[in-house]
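What follows is a set of notes on a single structure, which appears directly below.
A quick note: this is a predicted structure, and the numbers were derived from the prediction, not measured. Here is the naming used below: chain letters follow the sequence lines, and residue numbers restart at 1 for every chain.
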Amino acid sequence: MSQKIAGVKGMNDLLPGELGGEMAPVETWQHVERTARELFARFGYGEIRTPMVEDTALFVRSVGEETDIVGKEMYTFEDKAGRSLSLRPEGTAPAVRAYIEHSVANQEPLTRWYYIGPMFRYERMKTGRYRQFFQIGAEAIGSREAAQDVELMDMVVQLLEALGLKEVSLNLNSLGDDACRPVFQQKLVEHLTAHRAELCEDCQRRLESNPMRVLDCKNAKCQAVVQAAPDILQFLCEPCKAHFGDVRRKLDVLGVRYVINPRIVRGLDYYTRTTFEFIAAHPALGTASTVGGGGRYDKLLKSLGGPDLPAVGFGLGLDRLTLLLKEGGQKYAPPPDVFIAVADEGSADEAFKLASRLRREGLRVEFDTRGGSLKSQMKRADKTRARFALVLGQTERESGKGQLKPMAGGEPIPVALNEVAQTVRAAH
RNA sequence: GCGGCCAUAGCUCAACUGGUUAGAGCGCUGGACUGUGACUCCAGAGGUUACCGGUUCGAUCCCGGUUGGCCGCCCCA
């Protein structure tokens with residue numbers, strides 16, 4: 001016996017049907033992905049697939065050196081040539097890198113992409129948070145208009161709707177821009193410093209490192225201080241205020257419901273103006289209640305050496321979405337139309353051939369390649385939830401006729417062996 | 001990165017204060033029913049009690065470490 005090798009901590013296997021354990025079955029994942037692809041195509045978004053590994057500098061410069069993501073959660077390693085590479089911790093930076101690298105700006109004025117794939121962060125795991133997790137996201141590059149922010153939020157809302165997720169609320173905020181955010185931050189630091197003693201230990205530290213984060217603290221005493229703190233929305237400069245107002249108005253035009261939440265700060269440095277999160281109230285997620293989030297990043301392209309173009313995007317956590325949909329997961333796996341059972345050894349080839357032909361004709365056909373007793377094959381037919389069973393033996397071969405037995409009960413349907421597909425379809 | 005809880009069959013769980021062959025239900029396989037699934041009945045397979053070490057005459061149980069999982073903090077998807 002050789003030693004068992006286990007999967008890497010925090011990286012999950014997705015199995016079909018009911019084999020999976022804690023994770024939602026792979027059919028649930030396929031359903032979410034299929035739904036998203038179809039919906040995003042309706043919005044005119046094309047798919048982009050970038051490598052899972054990038055130059056480490058890309059994330060340091062975009063996400064921000066001082067963020068937790070880059071500071072302590074990145075899978076960074078050297079390749080054989082000594083280059084520092086990192087497994088991507090998020091999807092926006094690679095998409096923007098590709099956009100710049102392929103000079104897309106010179107080829108079209110407005111670019112809208114979506115991506116689906118694994119991201120990696122070295123973190124302590126818990127429900128809904130893994131070291132390899134999957135995100136589905138979209139980026140719109142080239143429009144500074146509020147309509148673009150709202151189109152993306154509408155796209156998420158429609159996706160959640162299509163998936164049947166109701167208890168998700170859109171939380172909206174604006175972080176201002178280079179003109180107004182520094183003014184606000186200064187006022188905020190003044191206020192927090194004045195109440196320093198009332199803040200929790202963590203927030204006293206945050207006061208130095210990232211004062212905006214205090215807004216997000218769940219500690220009751222800190223919240224009391226935050227209640228009285230200056231409100232970023234009061235400090236927005238005129239252009240930012242106008243933009244935020246436009247976003248709200250256009251959300252209203254589309255009938256998209258939202259709440260203003262000045263605590264939506266986000267963990268990446270590149271955000272400007274609009275930020276938003278989709279928060280689910282669902283016991284399956286525990287405290288991992290944010291299923292998605294995003295915002296505008298008008299300065300990122302230029303800072304990465306690209307054209308000075310505005311952009312906005314979002315990312316959704318597929319792991320969390322599928323967790324919410326796990327209960328009904330089974331229904332996404334279509335059962336076989338017919339199970340072909342072999343009654344005697346001499347009919348094995350003929351049955352095998354029939355199964356093959358029906359599959360070519362478009363039917364979902366189960367056939368037990370191990371053979372075995374008719375009884376065991378019928379049990380298998382039951383287990384696979386096949387709609388019909390068709391037994392093929394000497395009698396059927398000689399007469400060219402058989403019977404489609406409805407596994408759910410009812411009278412068998414006589415059928416000519418060369419008309420099985422038509423008959424099964426007609427029985428729908 | 002910090003704090004707490006946990007680990008027995010594929011799954012959900014038992015096993016009297018440490019006591020000898022670690023059990024049950026579900027699931028799986030076969031049979032009763034030799035060309036027809038489910039229900040019922042019978043039988044079978046499946047465990048180094050996560051791993052390593054310690055205490056003990058004796059450890060699933062007590063202790064330490066490791067690994068993995070869960071909860072909270074942090075942060076996020």
Please work out if G10(A) contacts a base, only the sugar-phosphate, or nothing of the nucleic acid, heavy-atom cut-off 4.0 Å.
sugar-phosphate

Verify whether the ring centers belonging to F367(A) and F352(A) lie closer than 6.0 Å.
yes

Could you work out which one of G72(B), C75(B), U36(B) sits closest to the side chain of V391(A)?
U36(B)

Does CD in Q394(A) sit with more than 12 non-hydrogen atoms of other residues, nucleotides or ligands closer than 6.0 Å?
no

Between the protein and nucleotides 25-31 of chain B, which nitrogen or oxygen pairs come in under 3.5 angstrom?
unit_1, atom_1, unit_2, atom_2, d
C28(B), OP1, K383(A), NZ, 2.2
C28(B), OP2, K383(A), NZ, 3.2

side-chain N/O K405(A) vs G37(B) OP1/OP2, d < 4.0 Å:
no

C73(B) pairs with, by Watson-Crick or G-U criteria that keep both distances under 3.5 Å
G1(B)

Provide, to the nearest angstrom, the distance between the CZ atom belonging to R131(A) and the C1' atom belonging to C75(B).
14 Å

What distance separates L325(A) CG from H282(A) NE2, expressed to the nearest 0.5 Å?
8.5 Å

Would you classify M119(A) as touching base, sugar-phosphate or nothing, given that sugar-phosphate means primed atoms plus P, OP1 and OP2, and contacts are heavy atoms under 4.0 Å?
nothing

Pairwise C1' distance for U66(B) and C57(B), with rounding to whole Å:
29 Å

Taking pairing as Watson-Crick or G-U wobble with both contacts under 3.5 Å, can you name the mate of U20(B), or confirm there isn't one?
none

Quickly work out the L15(A) CG to G10(B) P distance and round it to whole Å.
15 Å

By the 4.0 Å heavy-atom rule, please label Q394(A) as base, sugar-phosphate, or nothing.
base

Would you mind classifying the nucleic acid contact of V291(A) as base, sugar-phosphate or nothing, using non-hydrogen atoms under 4.0 angstrom?
sugar-phosphate

Earlier contact from the 5' end, RNA chain B, for E123(A) and M407(A)
M407(A)

Using 0.5 Å steps for rounding, measure from the CG atom of D55(A) to the OG atom of S86(A).
8.0 Å

Rounding to an integer number of Å, can you tell me how far K401(A) NZ sits from G35(B) C1'?
19 Å

With rounding to the closest Å, how many angstrom separate the P atoms on G10(B) and U34(B)?
34 Å

Look at the side chain of T290(A) and decide which nucleotide, out of A77(B), C70(B), G72(B), has an atom nearest to it.
A77(B)

Centroid separation Y45(A) to Y114(A) less than 6.0 Å
no

Do R124(A) and C74(B) have a side chain to base donor-acceptor pair shorter than 3.5 Å?
no

Provide the distance between the two C1' atoms, one in G3(B) and one in C62(B), to the nearest whole Å.
24 Å

Roughly how far apart, to the nearest Å, are U49(B) and U21(B) at atom P?
12 Å

How would you label the contact of Q132(A) with the nucleic acid (heavy atoms, under 4.0 Å): base, sugar-phosphate, or nothing?
nothing

Between R129(A) (CZ) and C74(B) (C1'), how many Å, whole number?
8 Å

Does the side-chain ring of F134(A) sit on the six-membered ring of the A77(B) base, less than 5.5 Å centre to centre and under 30° in tilt?
no

Any base atoms under 4.0 Å from G409(A), or only sugar-phosphate, or nothing? Heavy atoms, all strands.
nothing

Should we say atom CE of M23(A) is surrounded by more than 12 heavy atoms from elsewhere, each under 6.0 Å from it?
yes

Under 4.5 Å between any side-chain heavy atoms of V265(A) and Y271(A), yes or no?
no

Mate of C11(B) across any strand shown (Watson-Crick or G-U wobble, both atom pairs under 3.5 Å) is G25(B)

Select base, sugar-phosphate, or nothing to describe what T395(A) touches, counting heavy atoms under 4.0 Å on all strands.
base

Applying the 3.5 Å cut-off to both distances, the Watson-Crick or G-U partner of G37(B) turns out to be none

Can you tell me the base-pairing partner of G46(B)? Count Watson-Crick or G-U wobble geometry only, both distances below 3.5 Å, and say none if there is no partner.
none

Atom-to-atom span, CZ of R121(A) to C1' of C75(B) - whole angstrom
9 Å

Please report, rounded to the nearest Å, how far the C1' atom of C74(B) is from the OH atom of Y122(A).
16 Å

Distance check needed: C75(B) P versus R263(A) CZ, whole Å only.
12 Å

Quick one: does Q403(A) reach the base of G35(B) with a side-chain donor-acceptor pair under 3.5 Å?
no

Need to verify one output field. Residue with the more 5' nearest nucleotide on RNA chain B, N12(A) or F278(A)?
N12(A)

Taken to the nearest whole Å, CG/L392(A) to P/G35(B) is 15 Å

